[in-house]
Amino acid sequence: MNIARQAATRSTCDRKNVGAVIVRDRTILSTGYNGSIRGMPHCDEVGHLMEGGHCIATSHAETNAILQAAKNGVNINQAEIYTTASPCWNCFKMVVNAGIRRIYYGEFYRDKRSLEVAGILGIELVGLLGDDRAESDQGKKGDSHEG
């Protein structure tokens with residue numbers, strides 16, 4: 001998780017700095033952070049493109065980590081992801097469809113829908129803060145994994 005926090009420092013959308021690291025067998029496979037589309041100006045340079053209270057100019061950290069792995073031909077099936085905030089619904093769907101089976105996250109971020117679906121699919125969502133409000137909904141306690 002410390003590496004995910006470090007990746008978050010590269011974020012170019014100052015509304016929320018998020019970092020993600022995809023790992024298998026204690027080996028880093030890919031990293032990502034939230035930022036603008038390649039070649040487009042960054043939010044911290046030109047401002048935010050807001051829609052429905054969200055900045056839609058950025059790609060999220062989890063998506064960017066998955067895309068970076070794909071771009072470099074790195075197999076992430078059966079991997080784990082560490083992310084500084086729990087995935088939004090769209091990122092959760094991408095993470096699951098990419099074959100990632102365990103999601104470690106720092107703070108819980110908004111969307112509890114993924115908790116229910118994770119339980120149905122056997123995907124582990126593990127909050128690492130210990131006081132996380134989402135843990136009681138899923139019935140799992142975070143542990144001290146560091147990634």
Side-chain angles (χ1 to χ4, degrees), residues 1-118 121 123-135 137-138 142-147:
M1 186 58 81
N2 288 333
I3 297 167
R5 283 191 283 268
Q6 186 63 39
T9 67
R10 296 189 45 94
S11 170
T12 61
C13 183
D14 54 8
R15 287 182 48 84
K16 186 154 194 73
N17 296 22
V18 179
V21 178
I22 300 174
V23 177
R24 187 176 43 245
D25 299 327
R26 300 182 55 87
T27 300
I28 295 171
L29 303 175
S30 185
T31 64
Y33 53 89
N34 56 325
S36 294
I37 297 170
R38 283 186 197 270
M40 294 296 292
H42 298 288
C43 296
D44 58 6
E45 298 168 347
V46 297
H48 303 282
L49 179 58
M50 298 299 292
E51 189 175 285
H54 299 281
C55 179
I56 61 166
T58 62
S59 295
H60 291 183
E62 304 91 332
T63 298
N64 282 330
I66 291 167
L67 293 171
Q68 190 67 27
K71 183 178 177 187
N72 292 314
V74 176
N75 178 2
I76 59 172
N77 192 42
Q78 300 298 310
E80 303 174 336
I81 190 168
Y82 290 80
T83 184
T84 58
S86 61
C88 70
W89 178 240
N90 283 330
C91 286
F92 174 79
K93 293 184 293 184
M94 282 188 244
V95 165
V96 170
N97 283 348
I100 294 172
R101 307 305 299 165
R102 184 176 295 142
I103 302 166
Y104 294 101
Y105 62 90
E107 71 173 287
F108 182 76
Y109 183 67
R110 295 185 185 175
D111 200 335
K112 292 189 177 191
R113 178 177 14 194
S114 58
L115 299 171
E116 180 181 336
V117 175
L121 297 174
I123 303 294
E124 290 185 66
L125 274 165
V126 183
L128 298 179
L129 292 182
D131 62 346
D132 190 66
R133 61 187 153 187
E135 288 176 356
D137 292 341
Q138 191 182 21
D143 55 24
S144 62
H145 284 86
E146 291 290 318

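- When the shell of 6.0 Å around CE of Met40 is examined, it contains 12 or fewer heavy atoms from other residues, nucleotides or ligands.
- In this structure, a donor-acceptor pair under 3.5 Å is present between the side chains of Ser11 and Asn34.
- For Ser114, the side chain to side chain contact (heavy atoms under 4.5 Å, CB included) test picks out Trp89, Phe92, Leu125, with sequence neighbours left out.
- Among the candidates Val95, Ile100, Val117, Val96, the single residue satisfying the side chain to side chain contact (heavy atoms under 4.5 Å, CB included) test with Ile123 is Val96.
- Shown here for Cys91 and Thr63, the closest heavy-atom pair between the two residues is SG-OG1, 3.4 Å.
- Remark: Ser30 pairs with Ile22, Ala65, Gln68, Ala69 by the side chain to side chain contact (heavy atoms under 4.5 Å, CB included) rule, at least two apart or across chains.
- Of the inter-residue distances, the one linking Tyr33 atom OH with Thr9 atom OG1 reads 9.5 Å to the nearest 0.5 angstrom.
- In this structure, Ile66 CD1 and Asn64 CG are separated by 9.5 Å, a value rounded to the nearest 0.5 Å.
- Remark: side-chain polar atoms of Thr84 are paired, donor with acceptor, to backbone N or O of Gly19 under 3.5 angstrom.
- Sorted by first then second residue, the salt bridge (charged side-chain N to carboxylate O under 4.0 Å, His left out) pairs that include residues 7-22, not counting sequence neighbours, are Lys16-Glu107.
- Atom CG of Asn72 is separated from atom CG of Leu67 by 11.0 Å, given to the nearest 0.5 angstrom.
- Although no hydrogens or angles enter the test, the distance criterion places no donor-acceptor pair under 3.5 Å between the side chain of Arg102 and the main chain of Val126.
- How far CD1 of Ile3 is from OH of Tyr82: 9.5 Å, rounded to the nearest 0.5 Å.
- Separating the CD1 atom in Ile76 from the CZ atom in Arg101 is a distance of 12.5 Å, to the nearest 0.5 Å.
- For the pair Glu62 and Ile81, the minimum side-chain heavy-atom distance is below 4.5 Å.
- Asn90 meets the side chain to side chain donor-acceptor pair (under 3.5 Å) test with Lys93; sequence neighbours excluded.
- Considering only residues two or more places apart in sequence or on other chains, His54 meets the side chain to side chain contact (heavy atoms under 4.5 Å, CB included) condition with Tyr109, Arg110.
- Looking at every heavy atom in both residues, His42 comes nearest to Thr12 through ND1-OG1, 2.9 Å.
- Residues meeting the side chain to side chain contact (heavy atoms under 4.5 Å, CB included) test with Glu51, sequence neighbours left out: Ile56.
- In this structure, Arg5 contributes its side chain and Val18 its backbone to no donor-acceptor pair below 3.5 Å.
- Here CG of Leu128 is found 11.5 Å from OG of Ser86. Values are rounded to the nearest 0.5 Å.
- At a threshold of 4.5 Å between non-hydrogen side-chain atoms, the residues Cys88 and His60 count as touching.
- Using modelled atom types, no side-chain atom of Asp25 and backbone atom of Thr27 make a donor-acceptor pair closer than 3.5 Å.
- Contact between Asn17 and Ala8 at its shortest, heavy atoms only, is CB-O, 3.5 Å.
- Residues that satisfy the salt bridge (charged side-chain N to carboxylate O under 4.0 Å, His left out) test with Arg113, not counting sequence neighbours, are Asp111.
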